[in-house]
Engineer: 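So that we are looking at the same thing, I have put the structure below in structure tokens.
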Amino acid sequence: MRYLHQSETLMIQTTLSIIKPDGTQRNLIGKIVARFEEEGLEVAAMQMRHLSRREAEGFYAEHKARSFFDELVTYMISAPVVVMALRGENAVDHNRQLMGATNPKEAAEGTIRKLFGQDIGMNTVHGSDSPAAAEREVGYFFPKTAIF
Ligand code: CMP
């Protein structure tokens with residue numbers, strides 16, 4: 001057992017992860033979930049679902065004014081996705097590190113987007129980018145009673 005130094009805080013967080021259509025359609029669900037689990041993130045909630053246009057638009061509402069918004073929404077409803085709540089120490093940043101940069105071309109070696117991403121749209125996974133976003137995004141898909 002390791003004792004925490006006074007300056008260290010153990011931050012257990014819950015963050016949202018989505019395996020996007022290019023991940024579900026290329027049979028990558030197991031590999032991606034295994035990666036999270038091997039790296040110490042726990043699946044606290046999980047559901048496969050085919051998003052409606054309205055659900056995808058609401059989820060990505062912060063990007064509404066962006067030129068890629070329609071393309072993003074159309075892509076996210078093109079096939080089922082897997083939505084997950086992941087829990088662990090500093091889960092928001094940890095998940096972002098495991099995913100790599102948004103654009104797979106810029107993602108670090110060994111990250112999920114580097115390994116599997118095809119382009120900036122078909123980048124295989126989504127992850128909350130801050131604790132505030134995580135709270136909103138987890139709540140968008142899962143009621144508190146569905147998080148274990
Ligand atoms: P994600 O983490 O799901 O958050 C918003 C998504 O918009 C992002 O991943 C990308 O897949 C997608 N996207 C598509 N085009 C662009 C773009 N030009 N710049 C940034 N994000 C983009």
Side-chain angles (χ1 to χ4, degrees), residues 1-52 54-64 66 68-69 72-73 75-77 79-118 120-148:
M1 175 172 174
R2 189 172 76 89
Y3 290 94
L4 291 179
H5 185 265
Q6 231 177 351
S7 62
E8 290 181 278
T9 46
L10 192 66
M11 256 223 297
I12 301 297
Q13 297 175 326
T14 304
T15 191
L16 189 84
S17 170
I18 303 179
I19 302 177
K20 297 186 178 190
D22 65 284
T24 63
Q25 296 312 287
R26 287 182 297 153
N27 248 359
L28 293 172
I29 297 170
K31 284 199 175 81
I32 293 169
V33 174
R35 187 75 206 283
F36 290 139
E37 293 187 334
E38 282 158 11
E39 296 289 339
L41 291 172
E42 283 174 32
V43 177
M46 181 183 236
Q47 190 180 47
M48 189 167 192
R49 54 193 288 172
H50 201 144
L51 301 181
S52 68
R54 181 190 282 244
E55 280 175 320
E57 283 176 353
F59 181 76
Y60 280 119
E62 67 175 305
H63 297 302
K64 200 164 177 40
R66 310 288 290 272
F68 58 81
F69 183 71
L72 170 62
V73 168
Y75 167 60
M76 289 299 288
I77 65 174
V81 297
V82 174
V83 290
M84 287 175 281
L86 299 176
R87 185 184 298 119
E89 195 174 339
N90 292 317
V92 174
D93 279 349
H94 191 180
N95 179 37
R96 288 174 64 73
Q97 283 163 19
L98 294 175
M99 288 192 302
T102 304
N103 188 341
K105 287 197 193 87
E106 291 160 16
E109 286 303 325
T111 60
I112 294 169
R113 285 168 169 163
K114 181 70 174 187
L115 285 170
F116 304 124
Q118 294 170 296
I120 196 164
M122 291 194 280
N123 61 356
T124 316
V125 280
H126 165 83
S128 309
D129 65 3
S130 67
E135 183 149 357
R136 182 187 85 79
E137 293 182 358
V138 170
Y140 192 82
F141 289 113
F142 298 108
K144 285 214 160 40
T145 52
I147 302 170
F148 296 95

Engineer: Output, in order, the C-alpha distance, side-chain angles, deciding distance and verdict of side-chain contact (heavy atoms from CB on, under 4.5 Å) for M46 and V33.
Structural biologist: CA-CA 10 Å; M46 181 183 236; V33 174; 3.6 Å; yes
Engineer: Please confirm whether the backbone N or O of F148 pairs with a side-chain atom of R87, one donor and one acceptor, at under 3.5 Å?
Structural biologist: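 Yes.
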Engineer: About how many Å separate CD of Q97 and CG of N90, when rounded to the nearest 0.5 Å?
Structural biologist: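 So the gap between those two atoms works out to 8.5 Å.
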Engineer: Over 60° means perpendicular and under 30° means parallel, so tell me whether H126 and F59 are parallel, tilted or perpendicular.
Structural biologist: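 H126 vs F59 ring planes: perpendicular.
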Engineer: What's the separation between atom CZ in F142 and atom OG1 in T14, rounded to the nearest 0.5 Å?
Structural biologist: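 Interatomic distance, F142 CZ to T14 OG1, rounded to 0.5 Å: 11.0 Å.
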Engineer: Let me confirm one number: the OG-CD distance from S130 to E137, rounded to the nearest 0.5 Å.
Structural biologist: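 Output value for this atom pair is 7.5 Å.
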Engineer: Atom CD1 of I120 and atom CG of N103: how far apart are they, to the nearest 0.5 Å?
Structural biologist: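 Nearest 0.5 Å value for the CD1-CG distance: 4.5 Å.
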Engineer: Determine yes or no for a side-chain-to-main-chain donor-acceptor pair under 3.5 angstrom, with N123 supplying the side chain and T102 the backbone.
Structural biologist: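 Judged by distance alone, yes, a pair lies under 3.5 Å.
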Engineer: Can you check whether M48 reaches I29 side chain to side chain, under 4.5 Å on heavy atoms?
Structural biologist: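 They are in side-chain contact.
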Engineer: Begin with the C-alpha distance, continue with both residues' side-chain angles, and end with the deciding distance and a verdict on side-chain contact (heavy atoms from CB on, under 4.5 Å) for I112 and I32.
Structural biologist: CA-CA 7 Å; I112 294 169; I32 293 169; 4.3 Å; yes
Engineer: If you round to the nearest 0.5 Å, how far is CD of E106 from NZ of K114?
Structural biologist: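 It comes to 9.5 Å.
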Engineer: Check N95 against G127 and note the closest heavy-atom contact, atom names and distance.
Structural biologist: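 In terms of heavy atoms, the two residues are closest at ND2-CA, 3.5 Å.
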Engineer: Is Y75 reaching over with its side chain to a backbone N or O of D22, donor-acceptor style, under 3.5 angstrom?
Structural biologist: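 Checking the backbone N and O of D22 against the side chain of Y75, a donor-acceptor pair under 3.5 Å is found.
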Engineer: Starting at CG of L86, measure out to CE of M84 and round the result to the nearest 0.5 Å.
Structural biologist: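 With rounding to 0.5 Å, CG (L86) is 5.5 Å from CE (M84).
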Engineer: Hey, is CD on E55 packed in by over 12 heavy atoms from elsewhere, all under 6.0 Å?
Structural biologist: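 It does: E55 CD has more than 12 such atoms within range.
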Engineer: Closest heavy-atom contact between R54 and Y140?
Structural biologist: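 That would be O-OH, 4.0 Å.
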Engineer: Where do V92 and Q13 come nearest, in terms of heavy atoms and distance?
Structural biologist: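 In this case the closest contact between V92 and Q13 is N-OE1, 3.1 Å.
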Engineer: Might you point out which heavy atoms bring G23 and T124 nearest each other, and give the distance in Å?
Structural biologist: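 Between these two residues, the closest heavy atoms are CA-CG2, 4.1 Å.
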Engineer: Do you know which two heavy atoms are closest between T15 and V138, and how far apart they sit?
Structural biologist: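 Heavy-atom minimum between the residues: C-CG2, 3.7 Å.
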Engineer: Do E89 and H94 pass the side-chain contact (heavy atoms from CB on, under 4.5 Å) test, and can you show the C-alpha distance, the side-chain angles, and the key distance before you say yes or no?
Structural biologist: CA-CA 8 Å; E89 195 174 339; H94 191 180; over 6 Å; no
Engineer: Please find the pair of heavy atoms, one from M76 and one from V81, that lie closest to each other, and give the distance.
Structural biologist: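 The answer is O-CG1, 3.9 Å.
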Engineer: Under 3.5 Å, is there a donor-acceptor pair between the side chain of T24 and the main chain of P80?
Structural biologist: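 At least one qualifying donor-acceptor pair exists.
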Engineer: For side-chain contact (heavy atoms from CB on, under 4.5 Å), just list the numbers for R26 and F116, CA-CA rounded to whole Å, side-chain angles, deciding distance to a tenth of an Å, and then say yes or no.
Structural biologist: CA-CA 9 Å; R26 287 182 297 153; F116 304 124; 4.3 Å; yes
Engineer: Decide yes or no for F36 and L98: does some side-chain heavy atom of the first lie under 4.5 Å from some side-chain heavy atom of the second?
Structural biologist: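 Contact flag for F36/L98 side chains = yes.
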